[in-house]
Asker: 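Right, I'll just put the structure down here and ask away after.
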Amino acid sequence: MEYNKKRVYQIPVFNTGGGNGSPGDGVLLASDLGDWLDLPEKSLNIFDEQINIQYKLDMMSYPDKAILFLAGQFGVKSNFVGSELILGVLPLNTRPKHQLKQNFTCQSTECYLVIELNGEVKLQAVSGDLPVTIGVSEPDPYFINVDYNPKIEDDNGTVFTATRSQNFTRNNCGIGSIGSSVTFEKTYTSTISQVDANNQRANDANFATEGQAWANDPTNGATCSTAPSFSAQRSQSFTRNDCASGEIGSSVPFVKNYTGSTQQAADDAAANDPNFASEGQAFANNPSNGGTCSVPAQRYYAQRTQSFIRNNCAAGSTGSAIPFTKNYQSDISQSDADNKAANDPDFATEGQAFANDPENGATCTVNLPKYYLTLSGGVGEIRQISVTLTDENGEEVSVSEGLQFTWSGVLNPLTGDVSPSNIGATRTLAAELSSLNLYSYSSNTHYVTNLVITVPTPNVVDGHDIISQS
């Protein structure tokens with residue numbers, strides 16, 4: 001090798017324990033080493049890079065005795081098949097003066113590390129394919145560790161450049177003004193490779209900030225000019241609604257203008273103005289804008305009444321019904337007043353709210369179990385009209401006090417020479433009785449119709465509502 005061994009104090013020793021530390025961390029290699037740099041254009045087939053493949057250039061005895069160190073420890077992905085793998089490409093001024101070829105063994109396979117004049121760093125199998133990793137990590141990695149005197153092209157080295165440009169619009173103009181656009185251009189340089197210069201250009205985190213600052217500096221040519229203005233108009237008639245009772249207000253047209261940076265912006269401002277209605281009504285109510293109040297020559301009235309049942313009683317209770325009345329008026333015609341009454345969308349809601357307010361007289365009654373007092377016409381030749389008291393399951397029951405009721409019917413003859421007659425009376429079902437015969441007739445001569453029974457309402461006995469039914 002063509003380097004001054006007196007200048008190298010220690011060659012780094014690498015273990016196989018993995019990790020991503022840079023080669024030579026904590027180990028002095030030479031008195032004027034540069035930084036460890038990643039091998040450019042690194043192959044995607046490299047796996048489990050336990051020691052990053054990096055290089056470092058010692059330029060203390062530039063150029064004849066400059067030293068290039070290259071080291072790394074890694075595996076090769078299992079899907080790679082081949083006898084040769086290009087690990088990456090060294091940049092100019094780090095490449096060897098002639099092809100370098102170093103023999104070593106990996107996983108019992110004899111291999112070469114080859115560094116070409118064009119900077120390609122290769123792995124080659126002496127025979128067969130290169131060993132690859134089987135598993136999630138490489139227990140027996142490739143280990144490379146080489147140093148040599150590189151070929152230095154000139155004193156200054158090759159400089160690689162890349163340029164990035166973009167238009168930026170000045171955004172620090174005053175209200176009502178817009179800024180023009182200017183082109184911002186920035187150049188990036190690298191002594192490593194064109195790829196490095198391109199990466200600097202692509203990954204510059206400050207480019208947008210610097211470009212906007214460039215555009216906002218008036219000395220760089222960006223100007224401010226008056227923004228174009230677009231207009232829209234919205235109009236609607238509003239009726240004055242602050243007149244005294246018995247008076248009606250006239251309608252007044254209200255117009256409002258809008259502007260925007262585009263016609264669409266102006267149209268949107270007009271269509272979506274949340275204050276238009278309130279401003280229009282306030283305009284109509286201002287008498288200086290022409291809105292008047294007047295007494296109509298004739299007023300027409302209509303009324304609507306309906307009963308509503310209270311429906312907010314507690315569970316187990318039933319609400320009573322009360323009438324709800326609402327009045328309507330029109331200054332146009334009787335037909336208009338009638339239509340207002342017939343088509344009022346709020347009538348049902350207001351009526352129910354009225355019934356549910358206990359101050360308006362609707363009550364809630366606890367739902368009691370029921371006894372049924374039933375009137376029946378009997379069967380057979382001699383038929384008995386009778387009354388029977390039953391519970392909700394149809395079983396006969398009796399109560400502790402007499403039940404007064406009134407029954408009635410029509411007795412009709414089977415022959416046409418006798419007129420029908422009314423039958424019935426007010427009777428009492430005595431305490432402790434569940435039934436009572438009321439009237440007898442022969443089915444050979446008569447039949448009965450229109451049987452009806454009623455009891456006083458409300459009629460509560462022994463904690464039960466008495467319900468009459470025929």
Side-chain angles (χ1 to χ4, degrees), residues 1-5 8 10-25 27 29-30 33-58 65-134 137-152 192-193 195:
M1 292 291 181
E2 299 182 34
Y3 61 86
N4 184 352
K5 293 186 177 180
V8 180
Q10 186 176 349
I11 298 298
V13 177
F14 303 95
N15 60 55
T16 60
N20 292 318
S22 297
D25 281 351
V27 179
L29 295 176
L33 290 175
D35 293 328
W36 280 105
L37 302 173
D38 283 334
L39 178 66
E41 303 179 45
K42 192 178 295 184
S43 171
L44 297 178
N45 287 304
I46 295 172
F47 174 76
D48 191 19
E49 203 170 351
Q50 299 167 11
I51 298 176
N52 293 338
I53 305 176
Q54 294 184 321
Y55 68 93
K56 180 180 283 193
L57 185 61
D58 179 354
K65 295 181 181 179
I67 303 175
L68 189 286
F69 298 92
L70 176 66
Q73 186 168 290
F74 54 91
V76 175
K77 289 184 179 179
S78 59
N79 58 359
F80 175 79
V81 178
S83 61
E84 180 179 281
L85 173 62
I86 299 176
L87 300 177
V89 180
L90 288 165
L92 289 173
N93 297 321
T94 64
R95 299 170 179 175
K97 296 176 180 178
H98 50 80
Q99 185 195 59
L100 299 181
K101 198 168 189 180
Q102 183 185 67
N103 179 273
F104 68 101
T105 300
C106 181
Q107 298 182 21
S108 302
T109 299
E110 187 176 2
C111 300
Y112 290 114
L113 173 67
V114 180
I115 305 177
E116 303 286 3
L117 296 179
N118 64 0
E120 289 182 345
V121 181
K122 302 177 180 178
L123 287 180
Q124 291 179 347
V126 175
S127 62
D129 291 332
L130 289 168
V132 296
T133 298
I134 304 298
S137 62
E138 178 53 78
D140 188 6
Y142 291 90
F143 173 63
I144 61 174
N145 181 14
V146 65
D147 57 274
Y148 58 86
N149 177 229
K151 181 180 180 181
I152 306 297
I192 299 172
S193 66
V195 172

Asker: Holding to ring pair (Phe, Tyr, Trp, His ring centres under 6.0 Å), I want the full list of residues that pass it with Y55, two or more places apart in sequence or in another chain.
Answerer: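 Y55 satisfies ring pair (Phe, Tyr, Trp, His ring centres under 6.0 Å) with no residue once adjacent residues are dropped.
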Asker: Compare every heavy atom of A66 with every heavy atom of P150, then report the nearest pair and how far apart it is.
Answerer: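 Between these two residues, the closest heavy atoms are CD-O, 3.3 Å.
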Asker: Going by the rule side-chain contact (heavy atoms from CB on, under 4.5 Å), which residues pair with F47 if we only count those two or more places apart in sequence or in a different chain?
Answerer: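 Once residues adjacent in sequence are excluded, the partners of F47 under the side-chain contact (heavy atoms from CB on, under 4.5 Å) criterion are K77, T133.
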Asker: Taking all non-hydrogen atoms of both residues, which atom of S43 and which atom of I86 are closest, and how far apart?
Answerer: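 Here S43 and I86 meet closest at CB-O, 3.2 Å.
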Asker: Who pairs with E41 by side chain to side chain donor-acceptor pair (under 3.5 Å), at least two apart in sequence or on another chain?
Answerer: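 None.
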Asker: Which atom names give the shortest non-hydrogen contact between V121 and L70, and what distance separates them?
Answerer: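 Distance-wise, the nearest heavy atoms are CG1-CD2, 4.0 Å.
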Asker: Just to verify, what does K151 make a side-chain contact (heavy atoms from CB on, under 4.5 Å) with, not counting sequence neighbours?
Answerer: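 By the side-chain contact (heavy atoms from CB on, under 4.5 Å) rule, K151 matches K97, E153.
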Asker: Are D129 and F80 close enough that some pair of their side-chain heavy atoms sits under 4.5 Å apart?
Answerer: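 A side-chain contact under 4.5 Å is absent here.
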Asker: State, to 0.1 Å, how close P131 and C111 come at their nearest heavy-atom pair, and which atoms those are.
Answerer: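 Scanning both residues completely, I find the closest heavy atoms to be CD-SG, 4.4 Å.
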Asker: Measuring from atom NE2 of H98 to atom CG of N149, what distance do you get when rounded to the nearest 0.5 angstrom?
Answerer: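 Reported to 0.5 Å precision, the distance equals 8.5 Å.
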Asker: Are the side chains of L85 and L130 in contact, using a 4.5 Å heavy-atom criterion?
Answerer: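 With C-beta onward as the side chain, the pair touches.
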Asker: Less than 4.5 Å apart, any side-chain heavy atom of V89 and any of N118?
Answerer: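 The answer is no, as the side chains (C-beta and beyond) never meet within the 4.5 Å cut-off.
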Asker: Going by side chain to side chain donor-acceptor pair (under 3.5 Å), name the residues that satisfy it together with K122, two or more places apart in sequence or in a different chain.
Answerer: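 With neighbours one apart ignored, the set is E116.
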Asker: With rounding to the nearest 0.5 angstrom, report the CG to CG distance, L123 to N45.
Answerer: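 Reported to 0.5 Å precision, the distance equals 11.0 Å.
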Asker: Mind checking the CG-CD1 spacing from D140 to I134? Nearest 0.5 Å is all I need.
Answerer: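 With rounding to 0.5 Å, CG (D140) is 12.5 Å from CD1 (I134).
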Asker: As an exercise, state the distance from CZ of F74 to CG of D48, rounded to the nearest 0.5 Å.
Answerer: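 Atom-to-atom, F74:CZ and D48:CG are 11.0 Å apart.
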Asker: With sequence neighbours left out, what residues match N103 under side chain to side chain donor-acceptor pair (under 3.5 Å)?
Answerer: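 N103 satisfies side chain to side chain donor-acceptor pair (under 3.5 Å) with E110 only.
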Asker: Between the main-chain N or O of L117 and the side-chain N or O of R95, is there a donor-acceptor pair closer than 3.5 Å?
Answerer: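 No.
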Asker: Would you list the pairs meeting salt bridge (charged side-chain N to carboxylate O under 4.0 Å, His left out) in which at least one residue belongs to residues 66-76, sequence neighbours left out?
Answerer: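 Passing the test, one end in residues 66-76: no pairs.
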Asker: Sequence neighbours excluded, which residues qualify as side-chain contact (heavy atoms from CB on, under 4.5 Å) partners of L44?
Answerer: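 Expected list: none.
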Asker: Hey, what do you get for CG (L87) to CD1 (I144), rounding to the nearest 0.5 Å?
Answerer: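 Going from CG on L87 over to CD1 on I144, the span is 6.0 Å.
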Asker: Can you tell me how far apart OH (Y142) and OG1 (T109) are? Round to the nearest 0.5 Å.
Answerer: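 Atom-to-atom, Y142:OH and T109:OG1 are 7.0 Å apart.
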Asker: Might you point out which heavy atoms bring N52 and E49 nearest each other, and give the distance in Å?
Answerer: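 Closest pair (atom of N52, atom of E49, distance): CA-OE2, 3.3 Å.
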Asker: With ring-ring contact (aromatic ring centres under 6.0 Å, His included) as the rule and sequence neighbours excluded, what pairs involving residues 103-125 come up?
Answerer: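 The answer is none; no pair qualifies.
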Asker: Could you tell me which residues satisfy side-chain contact (heavy atoms from CB on, under 4.5 Å) with P96, sequence neighbours excluded, listed by chain and number?
Answerer: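 Checked P96 against side-chain contact (heavy atoms from CB on, under 4.5 Å); matches are L100, I115, Y148.
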Asker: Among residues at least two apart in sequence or on other chains, which ones pass side chain to side chain donor-acceptor pair (under 3.5 Å) with Q107?
Answerer: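 In terms of side chain to side chain donor-acceptor pair (under 3.5 Å), with neighbours along the sequence ignored, Q107 is linked to E138.
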